[in-house]
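Just so it is clear, the structure is predicted and the values come from calculations on it, not from any experiment. Chain A is the first sequence line, chain B the second, and so forth, proteins listed ahead of strands; every chain is numbered from 1.
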Protein chains: 4
Amino acid sequence: MPEERRRELLAAAAEVFAVQGYDATTVRQIADAVGMLAGSLYYHFDAKEAMLDEILSTFLDELWDGYDAVLAARLGPRETIEALVTESFREIDRHRAAVAIYQKEAKHLAAQQRRFGYLADSRQKFEKAWLGTLERGVADGVFRADLDIRLTYRFVRDTVWVAASWYRPGARHRAEEIARQYLSMVLDGIALRN
Amino acid sequence: MPEERRRELLAAAAEVFAVQGYDATTVRQIADAVGMLAGSLYYHFDAKEAMLDEILSTFLDELWDGYDAVLAARLGPRETIEALVTESFREIDRHRAAVAIYQKEAKHLAAQQRRFGYLADSRQKFEKAWLGTLERGVADGVFRADLDIRLTYRFVRDTVWVAASWYRPGARHRAEEIARQYLSMVLDGIALRN
Amino acid sequence: MPEERRRELLAAAAEVFAVQGYDATTVRQIADAVGMLAGSLYYHFDAKEAMLDEILSTFLDELWDGYDAVLAARLGPRETIEALVTESFREIDRHRAAVAIYQKEAKHLAAQQRRFGYLADSRQKFEKAWLGTLERGVADGVFRADLDIRLTYRFVRDTVWVAASWYRPGARHRAEEIARQYLSMVLDGIALRN
Amino acid sequence: MPEERRRELLAAAAEVFAVQGYDATTVRQIADAVGMLAGSLYYHFDAKEAMLDEILSTFLDELWDGYDAVLAARLGPRETIEALVTESFREIDRHRAAVAIYQKEAKHLAAQQRRFGYLADSRQKFEKAWLGTLERGVADGVFRADLDIRLTYRFVRDTVWVAASWYRPGARHRAEEIARQYLSMVLDGIALRN
DNA sequence: TATGAATGAGTCTTCATTCAT
DNA sequence: AATGAATGAAGACTCATTCAT
């Protein structure tokens, strides 16, 4: 199971990257976390950047597996949003570290490194899926029309993903429960209706 | 105007920190941004870290000036939340770079460096103000009681501050306008009521 | 033999420190002396200061091994002084560079750096051993009573240790021979008796 | 009195050099000691090295004034040694800092810098005066013939000058008194004669 | 005479990476 | 698969020095 070992190493790396930031993390810290010497990591990976790459792309691949399934189901706008949010929280649950890294680093990586071009692609695909669904919802009279739609998009997007920064797996709330509450807030607001 | 110069340098540094991340930023990049040599920065600041420190603490000081004024007004819970959100967007407008840095770096700085202990203090004070207001709102029947209150707190908090990551001053939306729309979404949700 | 390598590196470092002074010595000079790059030294030592530390503490440890053996023998005052002087010249022979460094740097290191506190401790123990022996000698009528005893102490102490500044091992005089002549001068003076 | 000011500055510089070592001393520390800014020193001196130069050469000039007077008196060997030692302690009293600097730095300065060639010259003249006197003393039957004469020379030379490392002016012992005791030790030894 | 700001060279140190074993 | 030792490039920081004011 060499694959097994890789996954262990990447998990450890992701954890450290998430806590300290990619740049602030030294290869030695990762090696310490898995009980080997820094140089030994290079038997498994070409470079520190390759680990980051694999962490992020693995996460995005899985994310899109989930998202594509949702989108393929061609649900109504509201149901689609509900499904996407739920799926997102499941991914946060599965790839918490990767999500945290993504939040912190994706923007400047996409901007500055050719290698991470797929981050920009994903971002665009992402925007298309969410923003499109919201627009469809407005058109269908399911979502409010009096809001700036791009603002709404950012609101929903950020609202969901930042959760990775405080989420701890196995905590009080399971992913689905958090998704349910978030959806309730996003859709209906926190003010009591009278 | 020696104060003037400091402010210029700090503004430039904040900008670079915000874009690249603190660790990924070299002192030379900051110096380039202001047209001096790297070593020359040390005439004005003791260390790279001292710049970060001053950027963050200046921002937090101003933030608390605003927040304290709001809290001193002893408005109702809903009006307090509205004022805090509006004030927050004003701070994002004034200190966009600092806010972005804060979002990315505050957590591990507070955890790992004695020097940045005030970040943890501020975070606690922050939580007390917001969470307290939300709780008061639930008790007063202004906010929904069926939501996990801590989850609600994080939802509102994150939702507001991540905006710094995409906000560009002088863009279409002025701070107050964004605040108005965000408040509308947070309070009433994005779903159309029937 | 990783210990072997360390010793080589420390020996080279000590040599350069002794000739140029600690502060005036660059890490690169040490590296050059052993045929590696400056950065490579940091695989073996934490810092330039750590090398200095190890050089000095190794020397002092060996010195005290010798001194303690002498003191444990409980010889008469004159014989003790003779043995201490002889032992000192042996140490100069073995650790010439370290002794030279000690002479130049010990005082301000002990005064300014917590890390080198043991230098002050050693100095005190040293004074106790020598001064005590001299006092015992005066009391026993072996040494002159008409001299300021602390002045005598400094006279003997300095007289012995400065020799490290000109001593070259394998030179005409072996350590024991130098010790013999120095003792003769210190004890009986250079004036011809009549 | 611009001369006056120079002397003040040099005295301050010498003090710091003596305590910390020339290399370890920053121009700023000197400036602090006299209450000005680092750059301002360059109105008075061309370079840090120029200060060191002036400190050492001033000291040596005065030293040789004294020594030359002694040598010109053409006393007997023993009386010459006595006069030289006494004169040396007077110089230590007057130029303690300069002497301490000389002890620490002269050797490598003379070896490595053209500018300080006069240190080597002085050293040679010095050796000629002392060693010559000792040889004359041995020839005259005033000093012991059974000692290695160069060893004796170093013994006397070092013994006198290291005193600068512990001497504090205005302390218990005046220069002349210390000289008297040192001479007594050097000439007659510390052992009680029977 | 002295200040304040800046320069530029150099220092220690870090760290990703390599490679023989 | 992993170690131990080293490389080399870069980074933060220091400091003697300069110079306009």
Rounded to the nearest 0.5 Å, what separates atom CG in B:Asp32 from atom CG in B:Leu37? 8.5 Å
Dump the intermediate steps for side chain to side chain contact (heavy atoms under 4.5 Å, CB included) on B:Asp23 and A:Tyr22, then the final yes or no. CA-CA 9 Å; B:Asp23 287 290; A:Tyr22 172 73; over 6 Å; no
Going by atom types only, do A:Asp61 and A:Tyr118 share a side-chain donor-acceptor pair under 3.5 Å? no
Nearest-angstrom distance from the residue atom CZ of C:Arg6 to P of F:dG4: 14 Å
Counting only N and O atoms by type, is there a donor-acceptor contact under 3.5 Å from the side chain of B:Arg96 to the main-chain atoms of B:Arg168? no
Atom-to-atom span, CG of C:Leu41 to C1' of F:dA5 - whole angstrom: 12 Å
Euclidean distance, atom CG of residue A:Asp32 to atom P of E:dA16 [Å, nearest integer]: 12 Å
Starting from the 5' end of DNA chain E, give me the residue, C:Arg28 or C:Ser40, whose nearest nucleotide shows up first. C:Arg28
For C:Thr26, answer base if it contacts any base atom (sugar-phosphate contacts may also be present), sugar-phosphate if it contacts only those atoms, and nothing otherwise; contact means non-hydrogen atoms under 4.0 Å. sugar-phosphate
Going by an N to O cut-off under 4.0 Å, is there a salt bridge joining A:Glu105 and B:Lys104? no
Check DNA chain F against residues 42-49 of chain C and give the residues with a non-hydrogen atom under 4.0 Å, in numerical order. C:Tyr43, C:His44
Can you tell me how far the CG atom of D:Leu60 sits from the CD atom of D:Glu91, to the nearest 0.5 Å? 9.5 Å
Considering Watson-Crick and G-U wobble pairs with both distances under 3.5 Å, what does E:dT13 pair with? F:dA10
Grab the CG-C1' distance between C:Asp23 and E:dG10 for me, whole Å please. 15 Å
Both distances under 3.5 Å, Watson-Crick or G-U wobble: report the partner of E:dT3, or none. F:dA20
Rounded to whole angstroms, how far apart are CZ on B:Phe17 and P on F:dG11? 14 Å
D:Ala38 has a side chain; which of F:dT17, F:dT7, E:dT11 sits nearest to it? F:dT17
To the nearest Å, give me how far apart CG (C:Leu37) and C1' (E:dT18) are. 13 Å
Length of the line joining D:Gln29:CD and F:dC15:C1', which is rounded to integer Å: 11 Å
From CG of B:Leu9 over to C1' of E:dG4, roughly how many Å is that when rounded to an integer? 14 Å
Atom CZ of A:Arg94 with >12 non-hydrogen neighbours under 6.0 angstrom: yes
